[in-house]
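Hydrogens, waters and symmetry mates play no part in the numbers below; they use all other heavy atoms, side chains included. First the proteins, then the strands, lettered A, B, ... as listed; each starts at 1.
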Number of protein chains: 2
Amino acid sequence: MNAAPGNTPRPDLAAMVVPLGRALMAAERPVLDAHGLTMWAYAVLSHLDETPLRTQAALAEAIHADKTRIIAVLDDLESRELLTRRPDPEDRRVRLLSLTPEGRRLRDTVRTAVREGEERLLEQVPAADREAFLRTLGFLYEVSQGHPGR
Amino acid sequence: MNAAPGNTPRPDLAAMVVPLGRALMAAERPVLDAHGLTMWAYAVLSHLDETPLRTQAALAEAIHADKTRIIAVLDDLESRELLTRRPDPEDRRVRLLSLTPEGRRLRDTVRTAVREGEERLLEQVPAADREAFLRTLGFLYEVSQGHPGR
DNA sequence: TATTGTTATACTCTATAACTATA
DNA sequence: TATAGTTATAGAGTATAACAATA
């Protein structure tokens with residue numbers, strides 16, 4: 001149970017991170033379901049608000065999804081008037097995406113609820129550890145996704 | 001970028017943890033492939049070594065898998081003589097599982113390689129943060145899996 | 001010819017239900 | 001009848017390839 005290299009001081013990283021991720025997603029699900037959103041729909045709403053994107057492919061890449069996979073998501077969100085999708089006049093192959101006011105409102109509602117659940121979990125962690133954890137998690141996330149801010 | 005509640009101090013936890021988990025699994029894959037192991041096969045080898053289990057159902061639960069899903073895995077590992085699976089004489093419905101010496105050896109080899117990869121990643125994190133991160137990750141993992149040691 | 005968005009298809013992973021053999 | 005293990009089936013999620021529109 002020590003930290004000597006080559007020993008067994010802990011379960012494999014992936015063996016903890018992957019199940020934790022599954023559990024976090026499962027905890028979010030009721031919130032998302034209550035608003036008729038899939039995880040990917042929520043990811044789209046979240047990301048669109050922060051960084052307006054010009055193409056669907058860029059959006060897909062930003063949320064680490066396949067470009068073919070978000071199409072049904074966009075269809076749904078558009079039909080519910082949570083976002084608009086119009087051809088770019090300057091290049092009519094491109095679809096300009098933007099959140100509607102209702103889309104932004106929904107996003108805020110859901111995000112707040114999601115964050116509340118996460119805070120309840122993190123509350124159980126000592127404050128000092130919490131900060132280091134979030135900082136390191138953010139760092140490892142960036143590095144693992146191709147460290148854009150290397 | 002502060003910690004005021006309700007603000008946007010960070011991406012959602014799940015939005016970082018899930019992709020990080022995917023990346024960690026992807027990083028492990030070459031190691032596992034090199035030894036002809038799936039992720040579940042590795043999980044089985046890892047867990048069997050630590051805690052000898054009397055039933056397949058208990059093993060499945062321990063690694064958070066479906067009991068029907070590990071059967072093909074056990075078939076494969078047994079045919080490769082990495083583990084043995086014999087009926088319990090006292091209750092012939094039950095299969096007693098145990099790692100063979102080769103199974104244990106393979107598990108050690110793979111685990112060492114996996115850990116090396118993880119260490120290379122963790123090396124980039126300041127030592128103080130690293131410890132807090134691993135401690136907190138372990139804690140959150142336990143809690144999220146039904147906090148057996150609550 | 002190359003690119004954006006779209007559709008269709010196939011493949012993997014996972015969950016559910018039905019079956020057998022023991023008890 | 002209940003339980004351990006097994007098999008078969010169906011469903012969700014994902015990736016690949018082919019297609020239409022525009023450049």
Side-chain angles (χ1 to χ4, degrees), chain A residues 14-15 18-19 21-26 28-29 32-33 36-44 47-48 52-79 83-98 145, chain B residues 14-15 18-19 21-26 28-29 32-33 36-44 47-48 52-79 83-98 145:
Chain A
V18 172
R22 272 196 241 271
L24 288 171
M25 264 176 46
E28 279 188 16
R29 182 132 316 163
L32 297 176
D33 283 352
L37 293 176
T38 64
M39 187 192 50
W40 289 115
Y42 177 54
V44 166
H47 202 86
L48 265 191
L53 286 172
R54 239 185 98 263
T55 72
Q56 294 182 185
L59 172 62
E61 193 186 352
I63 63 175
H64 310 107
D66 196 285
K67 71 170 177 172
T68 65
R69 203 161 58 213
I70 63 169
I71 290 179
V73 174
L74 293 176
D75 288 346
D76 175 57
L77 295 177
E78 188 183 23
S79 77
L83 60 80
T84 60
R85 177 164 53 160
R86 338 162 263 132
D88 182 345
E90 296 187 4
D91 181 346
R92 305 223 334 265
R93 290 174 304 184
V94 171
R95 302 281 174 274
L96 297 175
L97 305 169
S98 56
Q145 302 306 307
Chain B
V18 172
R22 272 197 242 271
L24 288 171
M25 265 176 45
E28 279 188 15
R29 183 133 315 164
L32 297 175
D33 283 351
L37 293 176
T38 64
M39 187 192 52
W40 289 115
Y42 176 54
V44 166
H47 202 87
L48 263 190
L53 286 173
R54 236 185 100 263
T55 72
Q56 294 182 186
L59 172 61
E61 193 186 353
I63 63 176
H64 310 108
D66 196 287
K67 71 169 177 173
T68 66
R69 202 161 59 214
I70 64 170
I71 290 178
V73 173
L74 294 174
D75 287 346
D76 174 58
L77 295 176
E78 187 182 23
S79 77
L83 61 78
T84 60
R85 178 163 54 160
R86 338 161 266 132
D88 182 345
E90 297 185 3
D91 180 345
R92 307 228 327 268
R93 293 174 302 185
V94 171
R95 302 280 174 274
L96 298 175
L97 305 168
S98 54
Q145 302 306 308

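Rounded to the nearest 0.5 Å, atoms CG (B/L97) and NE2 (B/H47) are 11.0 Å apart. The CG atom of A/D88 lies 10.0 Å from the CZ atom of A/R95; values are rounded to the nearest 0.5 Å. In this structure, CZ on A/R69 lies 11.5 Å from NE2 on A/H64, to the nearest 0.5 angstrom. Between the CG atom of A/L74 and the CD atom of A/Q56 there is a distance of 5.0 Å, given to the nearest 0.5 Å.
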Could you go through B/L24 and A/V18, starting from their C-alpha distance and side-chain angles, then the distance that decides it, and tell me whether this counts as side-chain contact (heavy atoms from CB on, under 4.5 Å)?
CA-CA 8 Å; B/L24 288 171; A/V18 172; 5.8 Å; no
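Applying the side chain to side chain donor-acceptor pair (under 3.5 Å) criterion to A/S98, with sequence neighbours excluded, gives A/T84. Shown here are the side chain to side chain contact (heavy atoms under 4.5 Å, CB included) partners of A/A72, two or more places apart in sequence or in another chain: there are none. Under the side chain to side chain contact (heavy atoms under 4.5 Å, CB included) criterion, A/R92 pairs with no residue, sequence neighbours left out. A search for side chain to side chain donor-acceptor pair (under 3.5 Å) contacts involving B/R93 returns B/D91, not counting sequence neighbours. Under the side chain to side chain contact (heavy atoms under 4.5 Å, CB included) criterion, B/A41 pairs with B/L37, B/T38, B/V73, B/L77, not counting sequence neighbours. Partners of B/E78 according to the side chain to side chain donor-acceptor pair (under 3.5 Å) rule, which considers only residues two or more places apart in sequence or in another chain, are B/R85. A search for side chain to side chain donor-acceptor pair (under 3.5 Å) contacts involving B/R86 returns nothing, not counting sequence neighbours.
Taking for each of B/R22 and B/A58 the nucleotide of DNA chain D with the nearest heavy atom, the 5'-most of the two is the partner of B/A58.
Residue pairs meeting the salt bridge (charged side-chain N to carboxylate O under 4.0 Å, His left out) criterion with at least one member in residues 59-68 of chain B: none, sequence neighbours excluded.
Taken residue by residue, residues 69-77 of chain B places heavy atoms nearer than 4.0 Å to DNA chain D at B/I71. Within residues 59-66 of chain A, no residue is approached by DNA chain C to less than 4.0 Å at the level of any non-hydrogen atom. Contacts of residues 84-98 of chain A with DNA chain C (heavy atom under 4.0 Å): A/R85, A/R93, A/V94, A/R95.
Protein chain A touches strand DNA chain D; the 5'-most and 3'-most nucleotides with an atom under 4.0 angstrom of its non-hydrogen atoms are D/dT14 to D/dA23.
What separates CG of A/L53 from C1' of C/dT4 is a distance of 14 Å, to the nearest Å.
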